[in-house]
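One structure is given below, encoded as structure tokens.
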Amino acid sequence: WYVTREAIAHGESTSIETGGRDRIFYRRGWSAPHVENITVRVSRSERAVVRLPLPARRAYELVLRIDPVTPTSPEAVDVLFNRHLVGRLRLAWNPERVGSYRLRLREDIVTAGSNELILVPSSVVPAGSAGPGFSWLDHTERIGVRMWYVRVLP
């Protein structure tokens, strides 16, 4: 948490990844980390929360690396930041590349310290119907998006 906050404060491009040591950022609505070619977490509810340690109240740029769990579901994700709608991302499916979506956070909605990024997929599906890539989850569990990381840009 503190190392990430310091890196952001020094203007470094900083990734908040989804590994086992990153649980402090992925508080509610996420699976445990799962290693594929990359390490991912999967949203396990209608709202999944990522906590961000932003050091100052100012505007920030974020890049979300996420995919829908199937080629057609969800079609979109609403993104809230500290309970303010900051975007509706239309998701695209590419089996060879994780999607990349850029957002700008306005200064007036940022808090110095802990901030809450909430992803709300337009739909969720049972893991059993999302394909063999999700066989590590309970087949009845409802899932929405697959997250690789959130990057805070300088």
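All of these numbers come straight from a predicted model, not from anything done at the bench.
The shortest side-chain heavy-atom distance between Tyr26 and Met147 falls under the 4.5 Å cut-off. Counting heavy atoms from C-beta outward, Leu89 and Leu103 have side chains that approach closer than 4.5 Å. Counting heavy atoms from C-beta outward, Thr39 and Pro33 have side chains that approach closer than 4.5 Å. Side-chain contact between Pro68 and Leu91 is present, with heavy atoms from C-beta onward closer than 4.5 Å. Annotation: side chain of Arg23 is not in contact with side chain of Arg21 (no heavy-atom distance under 4.5 Å). Between Trp93 and Thr72, the closest side-chain pair of non-hydrogen atoms is not below 4.5 Å. Here the side chains of Arg97 and Arg65 are in contact, with some heavy-atom distance below 4.5 Å.
Rounded to the nearest 0.5 Å, atoms CG (Leu52) and CG (Leu117) are 5.5 Å apart. Interatomic distance, Asp138 CG to Arg44 CZ, rounded to the nearest 0.5 Å: 9.0 Å. Atom OG in Ser43 sits 11.5 Å away from atom CZ in Arg142 (nearest 0.5 Å).
Scanning all heavy atoms of the two residues, the minimum distance from Ser122 to Glu75 falls at OG-N, 3.4 Å. Here the closest non-hydrogen pair linking Val145 and Pro121 is CG1-CB, 4.5 Å. Across all non-hydrogen atoms, the minimal contact from Glu36 to Gly133 is OE2-O, 4.3 Å. Ala59 and Arg104 get closest at one heavy-atom pair: CB-NH2, 3.4 Å.
Screening Arg47, Arg83, Arg88 for a salt bridge (charged side-chain N to carboxylate O under 4.0 Å, His left out) with Asp78, the sole residue that qualifies is Arg88. Under the side-chain contact (heavy atoms from CB on, under 4.5 Å) rule, Thr14 has a single partner from Val150, Leu153, Ile8, which is Ile8.
Annotation for His139: atom NE2 does not count as buried by contact number, only 12 or fewer foreign heavy atoms lying within 6.0 Å. For CZ of Arg27, the number of neighbouring non-hydrogen atoms (other residues, nucleotides, ligands) closer than 6.0 Å is greater than 12. The neighbour count for Glu46 CD, taken as heavy atoms of other residues, nucleotides or ligands under 6.0 Å away, does not exceed 12.
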Could you walk me through whether Thr4 and Phe25 pass the side chain to side chain contact (heavy atoms under 4.5 Å, CB included) check? CA-CA 10 Å; Thr4 299; Phe25 304 107; 3.6 Å; yes

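Neither Leu80 nor Val50 shares a network with the other; the hydrophobic side chains, linked directly or stepwise wherever heavy atoms of I, L, V, M, F, W or Y lie under 4.5 Å apart, form separate groups for each. Residues Ile118 and Leu54 are members of separate hydrophobic clusters, defined by side-chain heavy-atom contacts under 4.5 angstrom among Ile, Leu, Val, Met, Phe, Trp and Tyr. Follow the hydrophobic side-chain contacts under 4.5 Å out from Ile16 and you reach Trp1 in the same cluster. Linking Ile, Leu, Val, Met, Phe, Trp and Tyr residues whenever their side-chain heavy atoms come within less than 4.5 Å leaves Ile66 and Val120 in two separate clusters. Residues Leu119 and Val63 fall into different hydrophobic clusters, defined by Ile, Leu, Val, Met, Phe, Trp and Tyr side chains chained together at heavy-atom separations under 4.5 Å.
A donor-acceptor contact under 3.5 angstrom links the side chains of Ser123 and Ser73, judged on distance only. Side chain to side chain, Arg151 and Ser15 meet the donor-acceptor criterion of an N or O pair below 3.5 Å.
Grouped with Leu137 in one hydrophobic cluster are Val42, Val69, Val125, Phe134, Trp136, Ile143, the linkage being side-chain heavy-atom contacts under 4.5 Å among Ile, Leu, Val, Met, Phe, Trp and Tyr residues. Membership of the apolar cluster around Ile38 extends to Val40, Val98, Trp148, Tyr149, as traced through chained side-chain contacts below 4.5 Å between ILVMFWY residues.
Between the side chain of Asn115 and the backbone N or O of Val110 there is no donor-acceptor pair closer than 3.5 Å. Judged by distance alone, with hydrogens and angles left aside, the side-chain atoms of Arg41 form no donor-acceptor pair with the main-chain N or O of Gly29 at under 3.5 Å. Judged by distance alone, the side chain of Arg28 and the main-chain N or O of Ala48 form no donor-acceptor pair under 3.5 Å. Looking at Asn94, its side chain never comes within 3.5 Å of a backbone N or O of Ala92 through a donor-acceptor pair.
A salt bridge (Lys or Arg N to Asp or Glu O under 4.0 Å) check over residues 49-59, counting only residues at least two apart or in different chains, returns the pairs Arg51-Glu116.
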